Amino acid sequence: MTGPAPKSAPRPHRRPKKDPARMVAFTALRAVDERDAYANLILPSLLRKAEKNEGFERRDAAFATELVYGTLRMRGSYDAIIGACIDRPLSKVDPNVLDVLSLGAHQLLGTRIPPHAAVSATVELARVVLGDGRAKFVNAVMRKISTQDLDTWLEQVAPPYEEDAEDHLAVLYSHPRWVVAALWDSLGVWQPQHCGRTAVSELLAADNERPAVTLVARPGRSTAAELRDSLPAEESEAGRWSPYAVRLVEGGDPAVVPAVAENRAGVQDEGSQLVAAALAAAPVEGRDELWLDGCAGPGGKAALLAALAAQRGAALVASESQPHRAALVAKALHGNPGPYAVITADGLRPAWRPGSFDRVLVDVPCSGLGALRRRPESRWRRRPEDVANFGPLQRGLLESAIDATRPGGVVGYATCSPHLAETRVVVQDVLRGRSDLEYVDARPLLPGVPDLGEGPDVQLWPHLHGTDAMYLALLRKKS
């Protein structure tokens with residue numbers, strides 16, 4: 001007789017393997033969620049720390065970056081899909097679990113990673129950061145998500161366009177509903193002939209694209225040609241609109257450009273370059289000797305203005321209310337050949353006498369809805385009331401800038417938001433209470449740039465111009 005079959009030995013417990021790129025991505029998402037960190041600030045420090053570990057390569061850094069930014073951009077769409085795969089409200093899901101699922105959803109639906117690998121790697125990450133118990137939940141949800149591609153899921157979870165157009169677009173393009181409504185309203189004012197479903201869809205889709213890194217050659221210190229010559233031909237191209245701009249294509253690294261390392265050039269969106277260049281090109285009456293950047297941090301526009309001023313023998317005063325940002329301005333302006341001063345001062349309590357300046361720029365604090373490509377987390381962090389809360393500060397800073405400008409001088413009001421309540425409405429409210437101002441048509445000062453509207457102020461758009469959605473109004477103080 002044979003005895004009972006021997007019991008098989010229990011499978012030894014396998015410790016989960018840490019994937020360094022996915023760990024960096026998860027840590028970055030948790031910092032964004034828990035501490036309101038900005039991904040563009042927290043991620044570089046996490047990558048520098050990871051790069052000290054043996055085996056962490058450049059491709060790992062690129063992969064972690066794609067995971068973080070891709071997940072943040074598409075979080076609204078992924079939340080809707082995850083919500084369709086679980087039996088509880090998302091608010092009842094632990095935030096750590098939700099971040100793991102969001103990272104997994106992006107790998108499944110937003111990258112070319114094979115589904116089985118995306119599921120396996122996400123479950124492995126869950127075992128590391130959540131434990132085996134919750135990893136089983138992650139495994140079940142990931143397998144449900146993997147049954148359909150992104151387009152099929154969105155068709156299933158988005159409400160029909162005919163029933164709720166704004167909510168439909170919000171789910172499809174991963175924007176809060178109120179942001180969709182605000183952008184659509186603004187597009188209707190600036191581009192009334194192109195503000196239908198197709199146009200607003202193109203705008204929202206452009207917000208989800210990874211923006212090209214754009215360099216700025218600071219006049220008198222470097223040229224766009226020099227920047228391009230310092231890079232392999234396939235890694236750069238001329239800017240579309242700014243004569244100082246060079247766009248890096250995939251693989252281009254600004255750190256290897258000598259002019260950037262020497263502070264003769266910098267990284268700056270082309271829209272910001274156009275704003276500074278337009279203010280510098282606006283005609284003034286009489287002298288042109290002293291310029292002011294009244295909201296100078298972190299220093300990109302101030303550095304370009306200082307270089308342009310130096311070419312004319314003019315001086316720039318760069319004012320910033322926050323000391324740490326004033327330090328960034330000083331760093332950006334270091335080495336400028338012409339005279340300049342960086343001061344820490346509140347624009348609402350000026351440190352200068354009225355009528356001191358020939359040109360004044362105020363790029364005011366705002367909701368940042370024009371830079372959602374660069375700061376995708378802002379779309380989830382901002383609320384409609386934030387726009388209203390910025391209003392008194394924006395009006396106060398514009399009033400102060402006008403007071404700082406001499407008769408015959410020019411004021412530029414700029415903001416990185418297309419929201420009407422932060423742009424044209426602010427300027428019109430201030431103009432309504434004063435008789436000493438007149439508009440300067442800004443459109444001719446952005447030569448070659450199309451689709452600027454009927455003027456005299458201008459609004460740039462990511463889907464039309466490939467820039468952040470910068471707004472600019474130019475005002476001349478009457479003599």
Side-chain angles (χ1 to χ4, degrees), residues 40 44 58 61-62 210-282 288 291 293 296-316 318 327-342 359 361 363 371 373-374 412 414 445-449 460 462 465-468 470 472:
N40 68 323
R58 184 175 179 179
R210 182 170 55 185
V213 175
T214 304
L215 306 182
V216 56
R218 291 166 182 158
R221 308 186 64 196
S222 61
T223 65
E226 177 195 348
L227 301 186
R228 293 202 65 190
D229 287 346
S230 64
L231 289 162
E234 69 276 8
E235 291 188 4
S236 71
E237 60 188 20
R240 296 176 66 185
W241 319 116
S242 167
Y244 316 115
V246 171
R247 292 159 57 93
L248 302 187
V249 298
E250 192 71 32
D253 183 3
V256 305
V257 178
V260 174
E262 296 162 6
N263 210 40
R264 297 183 292 109
V267 176
Q268 185 177 37
D269 180 73
E270 202 165 356
S272 295
Q273 297 181 39
L274 292 174
V275 164
L279 176 77
D288 192 11
W291 302 5
D293 185 344
K301 294 184 189 67
L304 180 52
L305 285 172
L308 291 168
Q311 290 188 315
R312 303 185 202 172
L316 176 76
L328 295 175
V329 177
K331 182 178 180 181
L333 268 65
H334 179 70
N336 189 69
Y340 69 88
V342 178
R359 300 178 189 271
L361 175 66
D363 182 2
R373 303 177 306 160
R374 302 179 191 284
L445 303 174
L446 281 70
V449 182
L460 299 173
H465 306 110
T467 68
D468 291 345
M470 293 296 301
L472 174 65

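All residue numbers refer to positions in the sequence shown, counting from 1. As the structure is a computational prediction, the values presented were derived from the model and not from experiment.
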Where [X] and [Y] come nearest, the two heavy atoms and their spacing:
X	Y	result
L361	A414	CD1-CB, 4.2 Å
A296	A302	CB-CB, 4.2 Å
L227	A259	CD2-CB, 3.6 Å
A281	L445	O-CD2, 3.8 Å
G299	L333	O-CD1, 4.2 Å
R373	D269	NH2-OD1, 3.3 Å

Point to revise | Within residues 305-316 or reaching into it, pairs that qualify as salt bridge (Lys or Arg N to Asp or Glu O under 4.0 Å) - sequence neighbours excluded | key: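 Sorted pair list: D288-R312.
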
Taking only residues two or more places apart in sequence, or in another chain, which ones meet [X] in a side-chain hydrogen bond (donor to acceptor under 3.5 Å, both in side chains)?
X	result
E262	R264
Q273	S242
S236	R228
R247	E237

Practice item. With sequence neighbours left out, write down each residue that passes salt bridge (Lys or Arg N to Asp or Glu O under 4.0 Å) with R210, or none if nothing qualifies. Key: E250

Point to revise | Residues forming a salt bridge (Lys or Arg N to Asp or Glu O under 4.0 Å) with D363, sequence neighbours excluded | key: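 By the salt bridge (Lys or Arg N to Asp or Glu O under 4.0 Å) rule, D363 matches K301.
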
Exercise for review: Apply side-chain contact (heavy atoms from CB on, under 4.5 Å) to the pair L446 and L460, showing each step before the final yes or no.
Suggested key: CA-CA 11 Å; L446 281 70; L460 299 173; 4.2 Å; yes

Exercise for review: Measure the shortest side-chain to side-chain distance between D293 and V329 over non-hydrogen atoms and say whether it is less than 4.5 angstrom.
Suggested key: no

Check your understanding: Can you list the steps and then say if R218 with N263 is a side-chain contact (heavy atoms from CB on, under 4.5 Å)?
Key -> CA-CA 9 Å; R218 291 166 182 158; N263 210 40; 3.3 Å; yes

Look at the side chain of [X] and the backbone N and O of [Y], then say whether any donor-acceptor pair between them is shorter than 3.5 Å.
X	Y	result
Q268	G300	yes
R359	L279	yes
E270	R240	yes

**Study point:** Point-to-point distance, once rounded to the nearest 0.5 Å, from CD of E235 to CG of D253
**Key:** 8.0 Å

Exercise for review: Can you measure from CG (L472) to CG (L274) and round to the nearest 0.5 angstrom?
Suggested key: 9.5 Å

Exercise for review: Please step through side-chain contact (heavy atoms from CB on, under 4.5 Å) for the pair W241 and T467, ending with a clear verdict.
Suggested key: CA-CA 10 Å; W241 319 116; T467 68; 4.3 Å; yes

Which residues pass the side chain to side chain contact (heavy atoms under 4.5 Å, CB included) test with [X], sequence neighbours left out?
X	result
P254	V213, L215, L248, V267
P219	Y244, L304, A307, L308, Q311
N40	Y38, Y69, R375
A371	C416, D468

